**Student:** 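The structure under discussion is supplied below as structure tokens; questions concerning it will follow.
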Amino acid sequence: MTIFTKIVNGEIPCNKVLENDEFLAFHDINPKAPIHILIIPKKEYKCFQEVDSQIMCKMTDFIKEVATHLGLDKTGYRLITNNGENGGQEVMHLHFHLLGGAKLKWDHQSDSNSKEFF
Ligand code: AMP
């Protein structure tokens, strides 16, 4: 069971933003922006690569609902999912990071030279 399933089950508290039968949005415990929300399906999917497109269809609507609820639809936001080891995923329960509340920097660093991939 993932830590996020424990949050869904109420075994671990969270600072909830919105939920419905299938999805939950709550504040990240270690925010990287003035507004940093995690959006998860209540059912465990390991990562983006393993989730069905039908679930993602509904999740897309929920993510937009959360963004609108927080006024981020007007000011703009960043939506990120870290997928697997190289993506930096730490919690193996699909989640999207919704970041906003300020003009965000774009700073992705890696040890390798990106040109070797092109
Ligand atoms: P990732 O690296 O994409 O797997 O992101 C995991 C995120 O979960 C990190 O940003 C953590 O700060 C966040 N996190 C871990 N435990 C909790 C928790 N109990 N409540 C809220 N956010 C959490």
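Hydrogens, waters and symmetry mates play no part in the numbers below; they use all other heavy atoms, side chains included. Quick caveat: nothing in here was measured; it's all calculated off a predicted structure. In each ligand, atom 1 is the first atom listed, and ligand 1 is the first ligand listed.
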**Student:** Are M56 and M92 linked, directly or through intermediate hydrophobic residues, by side-chain heavy-atom contacts shorter than 4.5 Å (ILVMFWY only)?
**Tutor:** no

**Student:** Do the side chains of V66 and F62 get nearer than 4.5 Å, heavy atoms only?
**Tutor:** yes

**Student:** May I ask you to check whether F96 and F23 place their ring centers less than 6.0 Å from one another?
**Tutor:** no

**Student:** Give every donor-acceptor pair under 3.5 Å between a side-chain atom in residues 34-50 and any protein atom, sequence neighbours left out.
**Tutor:**
unit_1	atom_1	unit_2	atom_2	d
H36	ND1	K32	N	2.9
H36	NE2	D28	OD2	3.3
H36	NE2	H97	ND1	2.8
K42	NZ	E19	OE1	2.7
K42	NZ	N20	O	2.7
E44	OE2	T2	N	3.0
E44	OE2	T5	OG1	2.6

**Student:** Mark yes when over 12 heavy atoms from residues, nucleotides or ligands other than N86 sit less than 6.0 Å from its CG; otherwise mark no.
**Tutor:** no

**Student:** Check the hydrophobic clustering (I, L, V, M, F, W, Y; side-chain heavy atoms under 4.5 Å; chains of links allowed) and say if V17 and L94 are grouped together.
**Tutor:** yes

**Student:** Distances for all N or O pairs of ligand 1 and the protein under 3.5 Å?
**Tutor:**
unit_1	atom_1	unit_2	atom_2	d
ligand 1	2 (O)	G88	O	3.1
ligand 1	2 (O)	E90	N	3.4
ligand 1	3 (O)	N82	ND2	2.8
ligand 1	3 (O)	H95	NE2	2.8
ligand 1	3 (O)	H97	NE2	2.8
ligand 1	4 (O)	E90	N	2.7
ligand 1	4 (O)	V91	N	2.9
ligand 1	4 (O)	H95	NE2	3.0
ligand 1	5 (O)	H95	NE2	3.1
ligand 1	5 (O)	H97	NE2	3.4
ligand 1	10 (O)	D28	OD1	3.3
ligand 1	10 (O)	D28	OD2	2.5
ligand 1	12 (O)	D28	OD1	2.5
ligand 1	22 (N)	I29	N	3.1

